[in-house]
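Here is the structure we will look at, set down as structure tokens.
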Amino acid sequence: METQEGVSKQSIRERIWDYMESHDIADFPRPVHHRIPNFKSKKTLLVPTPRLRTGLFNKITPPPGATKDILRRCATSQGVRNFSVPVGLDSSVRVDLVVVGSVAVSEKGWRIGKGEGYADLEYAMMVSMGAVHEGTPVVTIVHDCQVVDIPEALLEDHDLTVDYILTPTRVITTGCARPKPTGIMWSKVSCEMLTKIPVLRSLREREKRAGKDVALQAEPGSQQPAPSTVRRPQDRPQAGFRGRSHSPLQGTDTQLAATVCVGNLPYNTRVRELKGALQELGAVPLRLTWQGPQHRAILHYTDSAAAQQAASLLQGLRLGANALRVSLGQQRDM
């Protein structure tokens, strides 16, 4: 899997995702597109809080005498909620090893994630709270097909590099000398991201009191990156669920352009279970219409592009024993 001149991070991601899908390599959830590919792990870990909504990371504590089945459940998103305790910013925790997911990685230690920047941000936040230091090894676990050539010109200052690459067939010591992030680069943080991540706001206040420059992207004095032309559902304002049929947030356009129908819901499924799955996958709609008797729900998004992205993220989703049927709805005005 050789790269060519003029490649981009996204082209590398797409090539890896396409290869893993066509060769049936990755674990659930599938399809693997727009995800960090999953592989099994038998270690006890501190795990990042999904999308950093309620903190930086959690410590999983299995119940005494936990069976293998319970340990497997502990590793799921529901298990994190049931069997973990949050690790606060004032904790004296020291992380001895950082394991990070990757879509692609080079033998030199250059890494490409799924494009949202959470791994880079999580590492920078751990540096800021003193949980890791420059000598803390960073490891990524990937399939052999994910080890490719990556032009160094694609790397940016905030990108996290890796020291070791573990594949099913080998262990690669990268010897990467490129400095890792030494803290949060606030000029790369948007106001929207700060709004979504409470722990990030707390860190910013702490560093502001310490006299550090904490100017954000949209604030004077910060360097303005080129605006992205790609918007994912998780990058859009996320409305809180407030009932079985929800109104859009104040200030949003009430003319919704597209919907996604999620069918074949198990007869005993509760709306909160579907909401939890949507939040986990980053496919939260502006509004959800629950149609329990028909075993389905209608998800309302701002436009067809957002709906198509959400439908892609939801393909292969299961609730209980049921594989859900996901289809795009027709455009209509609300």
Exercise for the section: Using distance alone, with no hydrogens and no angle criterion, decide if Ser312 and His33 have a side-chain donor and acceptor under 3.5 Å apart. Expected result: no
Practice task
Check whether any side-chain heavy atom of Gln309 sits under 4.5 Å from a side-chain heavy atom of His34, and report yes or no.
Solution key: yes
Practice task
List the steps, then state whether salt bridge (charged side-chain N to carboxylate O under 4.0 Å, His left out) holds for Asp157 with Lys180.
Solution key: CA-CA 8 Å; Asp157 291 341; Lys180 293 182 174 62; over 6 Å; no
Practice task
Using a 4.5 Å cut-off on heavy atoms from C-beta on, say whether the side chain of Leu97 contacts that of Val139.
Solution key: yes
Side chains of residues 262-272: which donor-acceptor pairs under 3.5 Å do they make with residues two or more places apart or in other chains?
residue: Asn264; atom: ND2; partner: Ala323; partner atom: O; Å: 2.9
residue: Thr269; atom: OG1; partner: Pro266; partner atom: O; Å: 3.1

Problem - Under 3.5 Å donor-acceptor, Asp159 side chain and Glu156 backbone - result: yes
Problem - Test: Arg30 and Asp24 ion pair at under 4.0 Å - result: yes
Practice task
Indicate yes or no for a side-chain donor-acceptor contact from Gln146 to the backbone of His143 under 3.5 Å, with no hydrogens or angles considered.
Solution key: yes
Exercise for the section: Answer whether the closest heavy-atom distance between the side chains of Arg94 and Thr136 falls below 4.5 Å. Expected result: no
Practice task
Any pair with a residue in residues 125-136 that passes salt bridge (charged side-chain N to carboxylate O under 4.0 Å, His left out), sequence neighbours left out, goes on the list, sorted by first then second residue, please.
Solution key: none
Exercise for the section: State the NE2-CG distance between His295 and Leu324, to the nearest 0.5 angstrom. Expected result: 12.5 Å
Exercise for the section: State whether the side chain of Thr174 and the backbone N or O of Tyr164 hold a donor-acceptor pair below 3.5 Å, judged by distance alone. Expected result: no
Practice task
Rounded to the nearest 0.5 Å, what's the gap from CD1 on Ile165 to OG1 on Thr173? Could you check?
Solution key: 9.0 Å
Exercise for the section: Could you tell me whether the side chain of Asp120 and the main chain of Leu160 form a donor-acceptor pair under 3.5 Å? Expected result: yes
Problem - pair His23-Met20: side-chain heavy atoms closer than 4.5 Å - result: no
Sequence neighbours left out, cut at 3.5 Å: what donor-acceptor pairs do the side chains of residues 99-109 make with other protein atoms?
residue: Ser102; atom: OG; partner: Arg111; partner atom: NE; Å: 3.3
residue: Ser102; atom: OG; partner: Thr140; partner atom: OG1; Å: 2.7
residue: Ser106; atom: OG; partner: Lys108; partner atom: N; Å: 3.3
residue: Ser106; atom: OG; partner: Trp110; partner atom: N; Å: 3.3
residue: Glu107; atom: OE2; partner: Arg170; partner atom: NH1; Å: 3.1
residue: Glu107; atom: OE2; partner: Arg170; partner atom: NH2; Å: 3.4

